[in-house]
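Working notes for the structure below.
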Amino acid sequence: MSKEFVERMMETVVARNPGETEFHQAVREVAESVAVVIDKNPQFAKMKIFERMVEPERQMIFRVPWMNDKNEVQVNRGFRVQFSSAIGPYKGGIRFHPSVYLGIVKFLGFEQIFKNALTTTPIGGGKGGSDFDPKGKSDNEVMRFCQAFMTELFRHVGPDTDVPAGDIGVGGREIGFMFGQYKRLTNSYTGVLTGKGLEWGGSLVRTEATGYGLVYFVTRMLEAKGKSWKGLDVVVSGSGNVAIYAVEKAHQLGARVVAVSDSNGYIVDSKGINIDTVKQIKEVERGRIKEYVQRHPSAKYHEGCADIWSVPCQVALPSATQNEIDEAAARQLVKNGCLAVGEGANMPSTPEAIQVFLDNNVAFGPAKAANAGGVATSALEMCQNSMRLSWTFEEVDARLKLIMNSIYEQCTKAADAYGQKGNLVAGANIAGFLKVAKAMMAQGLV
Ligand code: NDP
Ligand code: 2IT
């Protein structure tokens, strides 16, 4: 029955969403986990809960025309997919990267439904983006693009409707430009975006939240194995927002991060990555990770980012992008004695790689659970905006820790309850699904 359910779902999803391979991958994983739940709860099958979940409530695709510094007209494509408002306003980031197309936005939006349900905060699922590439663009070009993007997006979002935030290629600078344009178009000052600057409605800890939350989550995974971070070697892919603050927190807890990367290559520093240097290169200068070795000559740069998983480590934190760990990379990590993998990025491990980890007793923290600290802190930012108050760093950090602990508990309990002890992939999918499914049942056919 379970297998038949998955294949039936996938046949429909593939036929209705042709070519969107990342979306198919994300749906299949959830379908495989929740088939047993649907088996046990015929009311979910009758009300076609899963069939409704895989169909976004609303999808926007729009033209984004803007002018570059040479006064040449540029045309990009913008997306916002409002997937589910079962438990709160649509919530999820915006990605600017040349690879963005509908299939990427939909995989991210679909996963966001379950991730957001796990956070314990009342937020639905959505995602957006554009094939715009901020790399190599001037601040003025980025501003003009963001203004053009928001000139269409503003009519679809709002503090009680849909609250976007950052993702790849979208950080504080881009959120600022989009917020300014939203404010100008609507003549309103609201919490329509999260990840705002601290002076104008942002929350302390939002910048650090995804990376810190990831490390808090992996702490629980390590504890279950009787381990702590002390003395462990860690590899973190990427060197953007998630990666930087994962490195910072892992170091604070006594680990040594030996490698980070960007899309061109990776660096290995056996003394431990100097995070101040990485912040300077990536956050301030917007440079490339290879520049690290000019400032730390004992470190080594390797061209090509995929081989980072050959660097020996006990903990791997993939924090760059989707499908960056394939089966071969997973086998290499296992061979080198990796104990735990925590997904900072969204869907960074292929299904085959996940199977390798599960088969080899590697503790595996799936993205929906492990990287939920970012969006959870976004929900805390929304809360502070509604109250027109700002909490201290310590207060937000304490709430983030509580949330990551709760997510870990929800995942382990759900996995246990459905005969999958220790499988956090199944646990995250089942716990997230149940919360949304119950809300959908209560709200009738919408
Ligand atoms: P950033 O843009 O800050 O950093 C992205 C990093 O990943 C960069 O080092 C970038 O290298 C690298 N990267 C991006 N695309 C690729 C690619 N196709 N191949 C190899 N490397 C790549 O993004 P974030 O740190 O915010 O996001 C990283 C991941 O975390 C994404 O999967 C995102 O969806 C996920 N995430 C982000 C959250 C957040 O709050 N920001 C919350 C939860 C998940 P380069 O500079 O060379 O492009
Ligand atoms: O993937 C994610 O959870 C994010 N990019 C953060 C979304 C948010 O709304 O903070």
Side-chain angles (χ1 to χ4, degrees), residues 22 88-100 104-105 107-116 118-119 121 123-129 133-136 157 162-175 191-196 202-203 205-214 236-247 260-267 278-279 281-283 286-290 304-306 308 317-325 342-349 367-382:
E22 297 85 357
Y90 311 107
K91 181 84 195 84
I94 290 178
R95 178 178 291 193
F96 291 165
H97 193 272
S99 63
V100 167
I104 297 256
V105 181
F107 114 67
L108 291 163
F110 181 71
E111 295 219 317
Q112 201 84 45
I113 304 171
F114 309 99
K115 180 196 306 194
N116 293 4
L118 290 171
T119 63
T121 63
I123 44 178
K127 202 83 187 190
D133 186 359
K135 268 198 214 96
V157 298
D162 183 356
V163 183
D167 194 82
I168 290 175
V170 177
R173 175 182 61 170
E174 291 74 17
I175 295 292
V192 66
L193 292 158
T194 58
K196 300 183 290 296
S203 173
V205 193
R206 177 61 190 89
T207 303
E208 296 85 353
T210 312
Y212 279 20
L214 170 66
V236 181
S237 64
S239 48
N241 174 262
V242 179
I244 286 173
Y245 294 95
V247 173
V260 295
S261 61
D262 61 21
S263 58
N264 293 113
Y266 66 97
I267 52 160
V278 177
K279 283 185 185 173
I281 294 170
K282 291 305 217 179
E283 293 184 337
R286 296 182 188 277
R288 306 307 299 161
I289 203 64
K290 72 172 167 216
C305 56
I308 190 171
L317 303 176
S319 302
T321 195
Q322 62 276 355
N323 292 327
E324 52 169 313
I325 300 187
E343 294 191 319
N346 286 309
M347 209 167 77
S349 312
K368 282 183 199 84
N371 75 29
V375 74
T377 307
S378 280
L380 300 180
E381 180 172 329
M382 290 164 71

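In listed order, ligands and their atoms are each counted from 1. Not measured: the values here are computed from a predicted model.
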Query raised in the report: With atoms numbered from 1 as shown, which atoms in ligand 2 lie under 4.0 angstrom from a non-hydrogen atom of Ala165?
Result: 8 (C), 9 (O), 10 (O)
Query raised in the report: Mind checking whether Ser263 has an N or O less than 3.5 Å away from an N or O of ligand 1?
Result: yes
Query raised in the report: Is Arg288 touching ligand 1 with its side chain, its backbone, both, or neither, if touching means heavy atoms under 4.0 Å apart?
Result: side chain
Requested in this report: Please state which part of Asp262 comes within less than 4.0 Å of ligand 1, counting heavy atoms only: side chain, backbone, both or neither.
Outcome: both
Report task. Check each of Ile168, Asn346, Thr194, Thr321 against atom 19 (N) of ligand 1 and report the one with the nearest heavy atom. Result -> Thr321
Query raised in the report: Is the closest heavy-atom distance from Arg95 to ligand 1 below 4.0 Å?
Result: yes
Query raised in the report: Hey, does Lys115 come in under 3.5 Å of ligand 1, counting only N/O atoms on both sides?
Result: no
Query - Atom indices of ligand 2 within 4.0 angstrom of Gly166 heavy atoms, with elements - result: 4 (C), 5 (N), 6 (C)
Requested in this report: Mark the output for Gly171 as yes if a heavy-atom distance to ligand 1 is under 4.0 Å, and as no if none is.
Outcome: no
Report summary line: Checking heavy atoms under 4.0 Å, the part of Glu111 that sits near ligand 2 is neither
Query raised in the report: At their closest point, which heavy atom of Ile289 faces which heavy atom of Ile267, and how far apart are they?
Result: O-CG2, 3.7 Å
Requested in this report: May I ask whether Arg206 has any heavy atom positioned less than 4.0 angstrom from an atom of ligand 1?
Outcome: yes
Report summary line: Ranking Ala243, Gly169, Gly240, Ala209 by closest non-hydrogen atom to atom 2 (O) of ligand 1, top hit is Gly169
Report summary line: Short version for Ser319: what comes under 4.0 Å of ligand 1, heavy atoms counted, is backbone
Query raised in the report: Starting from atom 2 (C) of ligand 2, which protein heavy atom do you reach first, and at what distance in Å?
Result: Lys115 NZ, 3.3 Å
Query raised in the report: Closer than 4.0 angstrom: is that true for some heavy atom of Gly195 and an atom of ligand 2?
Result: no
Query - Protein contact to atom 7 (C) of ligand 2 [nearest heavy atom, distance to 0.1 Å] - result: Gly93 N, 3.5 Å
**Report entry** Backbone or side-chain N or O of Asn241 under 3.5 Å from ligand 1 N or O
**Finding:** yes
Query - Proximal atoms of ligand 1 relative to Ser239 (non-hydrogen, under 4.0 Å) - result: 9 (O)
Query raised in the report: Under 3.5 Å, is there a donor-acceptor pair between the side chain of Asn116 and the main chain of Lys91?
Result: yes
Report summary line: In this structure, atom 10 (O) of ligand 2 is nearest to the protein heavy atom Ser378 OG, 2.6 Å
**Report entry** Atom of Ser239, atom of Val278 and distance for their closest heavy-atom approach
**Finding:** CB-CG1, 4.2 Å
Query - Shortest non-hydrogen separation from Ala320 to Ala345 and the atoms involved - result: N-CB, 3.7 Å
Report summary line: atom 28 (C) of ligand 1: of Gly238, Ala345, Ala320, Pro348, the nearest heavy atom sits on Ala320
Report summary line: Lys135 heavy atoms within 4.0 Å reach ligand 1 at atoms 45 (P), 46 (O), 47 (O), 48 (O)
Query raised in the report: Counting each atom of ligand 1 from 1 as listed, which ones have a heavy atom of His97 under 4.0 Å away?
Result: 15 (N)
Query raised in the report: At a 4.0 Å threshold, what atoms of ligand 1 neighbour a non-hydrogen atom of Gly344?
Result: 30 (O), 35 (C), 36 (N), 44 (C)
Query raised in the report: With a cut-off of 4.0 Å, which atoms of ligand 2 are near a heavy atom of Arg206?
Result: 6 (C), 8 (C), 10 (O)
Query raised in the report: When you measure from atom 33 (C) of ligand 1 to each heavy atom in Asp133, Leu108, Asp167, Ile104, which option holds the nearest one?
Result: Asp167
Report task. Give the minimum heavy-atom separation between Gln112 and Gly126, together with the two atoms involved. Result -> CG-O, 3.8 Å
Query raised in the report: Judged by non-hydrogen atoms, does Lys127 sit under 4.0 Å from ligand 2?
Result: yes
Report summary line: closest protein heavy atom to atom 9 (O) of ligand 2 is Lys91 NZ, 2.6 Å
Query raised in the report: Considering the options Ile94, Asp167, Ile104, which one meets the side-chain contact (heavy atoms from CB on, under 4.5 Å) requirement together with Lys127?
Result: Asp167
Query raised in the report: Does NZ belonging to Lys290 count more than 12 external heavy atoms closer than 6.0 Å?
Result: no
Query raised in the report: Is any N or O atom of Gln112, backbone or side chain, closer than 3.5 Å to an N or O atom of ligand 2?
Result: yes
Query raised in the report: Does Asn371, backbone or side chain, put an N or O under 3.5 Å from an N or O of ligand 1?
Result: no
